[in-house]
Amino acid sequence: MNITLPDGKVLTFTRGVTGAEIAAAIGPGLAKAALILEVDGQEWDLFRPIEQDARIRIVTRRDDKALTLIRHDAAHLLAMAVQELYPGTQVTIGPAIEDGFYYDFARDTPFHPDDLPRIEARMREIVKQARPTRREVWPRDKAVQHFKDIGEKFKAELIESIPSNEDVSIYYHGDWHDLCRGPHFRTTAEIGDAFKLTKISGAYWRGDAKNAQLQRIYGTAWRDQKELDAYLQRIEEAEKRDHRKLGREMNLFHMQEEAVGQVFWHPKGFALFNSLRNYIRRKLDAADYQEVMTPLILDRKLWEQSGHWENYREHMFVAEVEDEKKTLAVKPMSCPGHVLIFKQGTKSYRELPLRMAEFGSCHRYEPSGALHGIMRVRGFTQDDAHIFCTHEQITGETASFCRLLMAIYRDLGFEDVRVKLATRPANRIGSDAVWDQAEAALKAATEEAQLAYQLNPGEGAFYGPKLEFVLRDSIGRDWQCGTLQVDFNTAARLDAAYVAEDGAKHPPVMLHRAILGSLERFLGVLIEHYAGKFPLWLSPVQAVVATIVSDADSYAREATAELRAAGLRVESDLRNEKINYKVREHALSKVPYLLVAGRREAENRTLTVRRLGTEAQENLALSAVISMLKAEAVPPDLK
RNA sequence: GCCGCCUUAGCUCAGCCGGUAGAGCACCGCAUUCGUAAUGCGGGGGUCGCGUGUUCGAGUCACGCAGGCGGCACCA
């Protein structure tokens, strides 16, 4: 029997040879490093016999795949340890995920954080025991019956969803066994001990809130201790840049019980907010958007007509007034208001595309468990706009939107943007032909804008498909920021129309689009992205003038005033403290420039400049400092 | 909304088996005028998240509520 290696070399073995034997034949080093192999592209256990000629590739610990394999085995290891320590606990699923793995268990009493060290200790024991792995193939029906018999009803349910004529593979690690597609290592020893259990959570069976809630245990696993330490270090560093922590430390904003899910922007935070908003305003203006402002609270009748009352009621804040019998609702989005502006006066096709923008203050009653710092709130500001256009204009408008968005993200320091195309959901309105057209238009637009996207099937809005632009926070959580949604429906529902070339009235297509999404969320991501060390144009405090001796106070005041007059955000620090103290304090609060004014500087009208992150000092004339800072503080669109 | 954990001074956190609250930083005062990451001394500051219960006695135990945190579900 011939076995072909990746380099084309052919080795001859007897039928039923295993990957372990092949690896050993090639060399003892490989035999030791091997984890699994690929047989004609299919993942294969090292101990599983090969019955016919095949091309193989041996996967070692250094392979890119190794981490996924280690984590999958670690998930099994976790399940073994848990079932041994907590009899009666049922297993369900346990996949490898980014940076680690988890396993979902069904159990009456939830786990406690104190259980983790105990489980981890048992896992390490099992690794030491090097329990051998064995693979068996059972008829599906036998497997169903078996798992029912041993009380593993979730496993049985999983197997029942496999067609009944198929066989399933069962993996044994010592006595413990589980349904699994594999592959697995020869023994539990190969997992190594570079793993750690990290957190406990509830999780719904099959991801559905209507189902039973399971107990999930998360862990992380790596090739060796060094990799594990590096990961733990990375997480620790990331936690230091958490926007909630920096928001407090840098005095940007706070939140409190009296306004759950809403942000109190402090002066410094609001300076940041405004710098960003002004920048977006200029970019939109340059891209031929017209800014408007619409009411915050509108009559229920409007929301009924737009469809929000029916589809979105539970997310809306509703206001009753005593004297009138009216019900009003706080807007969760700005689209109906924009349509009402569009409807004023007769619109011609010549006015399309009409791009209407608003920094809309929106309120949504989000589920309590969804709230997260300023990233997920109940009151937020959208950089919202609606493009009223014809069917023919969808692709062009979408493409230019994509280009605008990517340019803005680049200005703001984001190069790594994930784009998702969410297509028609099961619950939707409109004909398939219309959906075909809308989805095709979005695809064409992304190609025109040269954006690689990932398909997100069935995740579109009920009225149309959407593009989602996703950014990542410091600890790897993804946040949707930008979006563009095609809507063939809302304008018609609200009786908005334009007069076409043929003289007839047609409802315009609406493109709902946002670049930042919510300013609050975007600022949260931005704070973490820069770890609070913003580029100068965004920095809430751009420089601090710090004195060394009180003799320099009046000069420092003068210098501060001149810097401010030049449009810079500058504070002075005249406190009776040592310069060391001031340097340290302003560096910790992430002020980009410390401008030291001592006796010498006061005499020759200079400042000694120290840039955040460096120890270098440079003595410059006050006028030179002003022009240098002014130049650096120019927003990217005005450069 | 669901599961779990947490809530003590402005911040970070101690506080044992229930016996009546503590540190560092910050703040205030005084001294110090000092050249690039913490000057010294002194002082003020707490309904221990809220409520109910157990107890002679609750920061500590039990229950309920609220908020926060980690996930899940939902979602910009």
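Heavy-atom basis, side chains included; hydrogens, waters and symmetry copies ignored. Order of the sequence lines sets the chain letters (A, B, ...), proteins ahead of strands, with each chain counted from 1.
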Subject >> Between A:Asp553 and A:Ser550, a side-chain donor and acceptor under 3.5 Å >> reply: no
Original post:
Contact class for A:His586 (heavy atom, under 4.0 Å): base, sugar-phosphate, or nothing?
Top reply: nothing
Original post:
Taking only residues two or more places apart in sequence or in another chain, which ones pass salt bridge (Lys or Arg N to Asp or Glu O under 4.0 Å) with A:Glu618?
Top reply: none
Subject >> Atom-to-atom span, CG of A:Leu252 to C1' of B:C11 - whole angstrom >> reply: 15 Å
**OP:** Encode nucleotides 33-40 of chain B as B, S and - characters from 5' to 3', where the letter depends on protein heavy atoms closer than 4.0 Å: B to the base, S only to sugar-phosphate, - to neither.
**Re:** BBBBBBB-
Subject >> Stem list, RNA chain B (Watson-Crick or G-U pairing under 3.5 Å, at least 3 consecutive pairs) >> reply: B:1-7 with B:66-72, B:10-13 with B:22-25, B:27-31 with B:39-43, B:49-53 with B:61-65
Original post:
With sequence neighbours left out, what residues match A:Arg281 under side chain to side chain donor-acceptor pair (under 3.5 Å)?
Top reply: A:Glu291
Original post:
If we take the C1' atom in both B:G59 and B:A37, what is their distance in whole Å?
Top reply: 37 Å
Original post:
Quick one: are A:Phe111 and A:Leu116 in side-chain contact, heavy atoms under 4.5 Å?
Top reply: no
Original post:
Do A:Tyr103 and A:Arg216 have side-chain N/O donor and acceptor atoms under 3.5 Å apart?
Top reply: no
Subject >> C1' gap between B:G44 and B:C28, integer Å >> reply: 7 Å
**OP:** Would you please say whether a donor-acceptor pair under 3.5 Å links the side chains of A:Ser539 and A:Lys533?
**Re:** no
Original post:
What residues, two or more places apart in sequence or in another chain, satisfy side chain to side chain donor-acceptor pair (under 3.5 Å) together with A:Lys245?
Top reply: A:Glu249
Original post:
In chain order, what residues pass the ring pair (Phe, Tyr, Trp, His ring centres under 6.0 Å) check against A:Tyr530, with sequence neighbours excluded?
Top reply: none
Without placing hydrogens or testing angles, list every side-chain donor-acceptor pair under 3.5 Å for residues 364-381 of chain A, not counting sequence neighbours.
| from | atom 1 | to | atom 2 | distance (Å) |
| --- | --- | --- | --- | --- |
| A:Arg364 | NE | A:Pro332 | O | 2.8 |
| A:Arg364 | NH2 | A:Pro332 | O | 3.0 |
| A:Glu366 | OE1 | A:Arg376 | NH2 | 2.8 |
| A:Arg378 | NE | A:Glu366 | O | 3.0 |
| A:Arg378 | NH2 | A:Glu366 | O | 2.8 |
| A:Thr381 | OG1 | A:Glu520 | OE2 | 3.1 |

**OP:** Could you check how far CG of A:Asn211 sits from P of B:C3, rounded to whole Å?
**Re:** 15 Å
Original post:
For A:Tyr555 and A:Glu603, does a side-chain donor sit closer than 3.5 Å to a side-chain acceptor?
Top reply: no
**OP:** Say whether A:Thr220 and A:Asp99, considering side chains only, have a donor N or O and an acceptor N or O under 3.5 Å apart.
**Re:** no
Original post:
Without hydrogens or angle criteria, can the side chains of A:Trp205 and A:Glu157 be said to hold a donor-acceptor pair below 3.5 Å?
Top reply: yes
**OP:** Could you give me the CA-CA distance, side-chain angles and deciding distance for A:Lys466 and A:Thr423, then say whether side chain to side chain donor-acceptor pair (under 3.5 Å) is met?
**Re:** CA-CA 7 Å; A:Lys466 60 181 174 181; A:Thr423 57; over 6 Å; no
**OP:** For B:G1, take OP1 and OP2 only and decide whether either is under 4.0 Å from a side-chain N or O of A:Ser368.
**Re:** yes
Subject >> Partners passing side chain to side chain donor-acceptor pair (under 3.5 Å) against A:Gln215 (at least two apart in sequence or in another chain) >> reply: none
Original post:
Atom CZ of A:Phe105 to atom P of B:G71: distance rounded to whole Å?
Top reply: 19 Å
Subject >> Separation of the C1' atoms in B:C50 and B:U8, to the nearest angstrom >> reply: 15 Å
Subject >> Sugar-phosphate, base or nothing in reach of A:Gly373, heavy atoms under 4.0 Å >> reply: sugar-phosphate
**OP:** Flag this pair as yes if the NZ/CZ of A:Arg118 is under 6.0 angstrom from the six-membered ring centre of A:Tyr86 and inside a 45 degree cone about the axis; otherwise no.
**Re:** yes
Original post:
Which whole number of Å gives the distance between the P atom of B:G10 and that of B:G49?
Top reply: 12 Å
Original post:
Is the number of heavy atoms from other residues, nucleotides or ligands within 6.0 Å of CE (A:Met293) greater than 12?
Top reply: no
Original post:
Looking at the angle O4'-C1'-N9-C4 for a purine or O4'-C1'-N1-C2 for a pyrimidine, is B:C17 syn or anti, with syn meaning within 90° of 0?
Top reply: syn
Original post:
Got a sec, which residues hit side chain to side chain donor-acceptor pair (under 3.5 Å) with A:Glu98, two or more places apart in sequence or on another chain?
Top reply: A:Arg472
Filtered N/O pairs between nucleotides 46-52 of chain B and protein, under 3.5 Å:
none

Interface polar pairs with nucleotides 74-76 of chain B, N/O, under 3.5 angstrom:
| from | atom 1 | to | atom 2 | distance (Å) |
| --- | --- | --- | --- | --- |
| B:C74 | O2 | A:Arg376 | NH2 | 2.7 |
| B:C74 | N3 | A:Arg376 | NH1 | 2.9 |
| B:C75 | O2 | A:Arg376 | NH1 | 3.1 |
| B:A76 | OP2 | A:Lys466 | NZ | 3.3 |
| B:A76 | O3' | A:Gln480 | OE1 | 2.8 |
| B:A76 | O3' | A:Gln480 | NE2 | 2.4 |
| B:A76 | O2' | A:Gln480 | O | 2.6 |
| B:A76 | O2' | A:Arg521 | NH1 | 3.1 |
| B:A76 | N7 | A:Glu366 | OE2 | 3.4 |
| B:A76 | N6 | A:Glu366 | OE2 | 2.9 |
| B:A76 | N6 | A:Val377 | O | 2.7 |

Original post:
B:G1 base to A:Tyr204 side chain: any donor-acceptor pair below 3.5 Å?
Top reply: yes
Could you go through nucleotides 4-9 of chain B and list every protein N or O atom that sits under 3.5 Å from one of its N or O atoms, giving the distance for each pair?
none

Original post:
Do any side-chain nitrogens or oxygens of A:Arg244 fall under 4.0 Å of OP1 or OP2 in B:G70?
Top reply: yes
